[in-house]
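Chain letters run A, B, ... following the sequence lines, proteins first, then strands; residues in each count from 1.
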2 protein chains.
Amino acid sequence: MQSQLRKFKAAIFQALSHPTRIAIVEILSEGEMSAGAILERLAVEQANASQHLAVLRASHIVVNRKEGNQVFYSLKNHRLVDVLSLMRLYFMEELNESVEMLAEINQQSTGSAPKTDS
Amino acid sequence: MQSQLRKFKAAIFQALSHPTRIAIVEILSEGEMSAGAILERLAVEQANASQHLAVLRASHIVVNRKEGNQVFYSLKNHRLVDVLSLMRLYFMEELNESVEMLAEINQQSTGSAPKTDS
DNA sequence: ATAGCATATTCGTTATTTCGAATATATGAT
DNA sequence: ATCATATATTCGAAATAACGAATATGCTAT
């Protein structure tokens, strides 16, 4: 039960554990988009983008729909966008803590003067 | 900028992409705990637990403190617990959708009678 | 039928992850 | 000093992930 839930979470995190796939999810948060349009915003090889889309499909994070020549992708559940937003907040908090720690160090050693040099 | 943020998210997801590590984070959400106490709740080899803890340390998800013989671990930022809660919600929503889909199929083919057989 | 697009898949290579067994390190107790 | 306990690290093997190049598939238009 709990172990199934943990496996599920791990599998989703695994699917999201690549910057390109994060980018794809964030792009799709704006709405449905063709594979080609996604590719345009990604700065990777076509094959590579398609491979990353395949990973997201396999974990049911995205769904696709064929229309003639093209394949349109969209997020299956926008809840994941909330997860990514929360991760952004987490990032900010961590960053903030690091900055504060640096400030403290500067203050302790010099009394002030936040210079770059040692 | 954005790409740095995506790399960060991907790195955290990577660190969380294993059921044992998810379990560790969830256990630590209850508060600080020694490596041994964590191990007791994990059903894995000692070495393996230690390796997973090392991964979480490397990504600064947990911090540790030595006290005599033991090492106590705790979450560096509890925001990640919120992320895991959201993932639970995501799981429930996906599960729900699957169940509803199954119900629809049963209704269409039989008019009712949600039996297990074909 | 042929050609051209959009997209997916396969293949080979290289890198990374995971695990248990064994070993190392550090602390505390005798 | 020796030993036990708690924890970490190293090693080798097997599995998995990532990438680009090449190729395949499936439409659409001619």
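Straight-line distance from the CG atom of A/N48 to the P atom of C/dT9: 14 Å, rounded to whole Å. Taking atom NE2 on B/H18 and atom P on C/dT16, their separation rounds to 18 Å, with Å as the unit. When the P atom of D/dT7 is taken as reference, atom CD1 of B/I24 falls 13 Å away, rounded to whole Å. When rounded to the nearest whole Å, the span between CD of B/Q46 and C1' of D/dA6 equals 8 Å. In this structure, B/F72 places its CZ atom 12 Å from P of D/dA8, rounding to the nearest Å. The interatomic distance linking B/E45 (CD) with D/dA8 (C1') rounds to 15 Å, in whole Å.
Between the side chains of A/R57 and A/Y73, a donor-acceptor pair is found at a separation under 3.5 Å.
Comparing atom distances between the A/S50 side chain and each of D/dA21, D/dA18, C/dA8 picks out C/dA8 as nearest. Closest to the B/A47 side chain, of the nucleotides D/dA18, C/dA22, C/dA8, is C/dA22.
For the segment residues 51-69 of chain A, residues with any heavy atom less than 4.0 angstrom from an atom of DNA chain D are, sorted by number, A/Q51, A/H52, A/G68, A/N69. Residues from residues 29-36 of chain B lying near DNA chain D, meaning a heavy-atom separation below 4.0 Å, are B/S34, B/A35, B/G36 in numerical order.
Geometric assessment of B/R79 against the ring of A/Y90 yields a negative cation-pi assignment under the 6.0 Å and 45° thresholds.
An OP1 or OP2 oxygen of D/dT28 is reached within less than 4.0 angstrom by no side-chain nitrogen or oxygen of A/Q70. A sub-4.0 Å separation between OP1 or OP2 of D/dA8 and a side-chain N or O of B/Y73 is present.
Using a 4.0 Å cut-off between charged side-chain N and carboxylate O, B/R88 and B/E93 make no salt bridge. Using a 4.0 Å cut-off between a side-chain N of Lys or Arg and a carboxylate O of Asp or Glu, B/K9 and A/E26 qualify as a salt bridge.
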Contact list (N/O, under 3.5 angstrom) for nucleotides 12-15 of chain D vs protein:
none

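The line from CD1 of A/I22 to NZ of B/K7 is 12.5 Å long, rounded to the nearest 0.5 Å.
B/L102 and A/F8 are not part of a single hydrophobic cluster, where members link through side-chain heavy atoms under 4.5 Å apart. Hydrophobic clustering places A/L89 together with B/F13 (ILVMFWY residues linked when any side-chain heavy atoms are closer than 4.5 Å, directly or through intermediates).
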**Report entry** From CA spacing to verdict: side-chain contact (heavy atoms from CB on, under 4.5 Å), B/I61, B/L16
**Finding:** CA-CA 9 Å; B/I61 290 175; B/L16 293 176; 4.1 Å; yes
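Counting heavy-atom neighbours within 6.0 Å of A/E104 CD, excluding the residue itself, gives a total of 12 or less.
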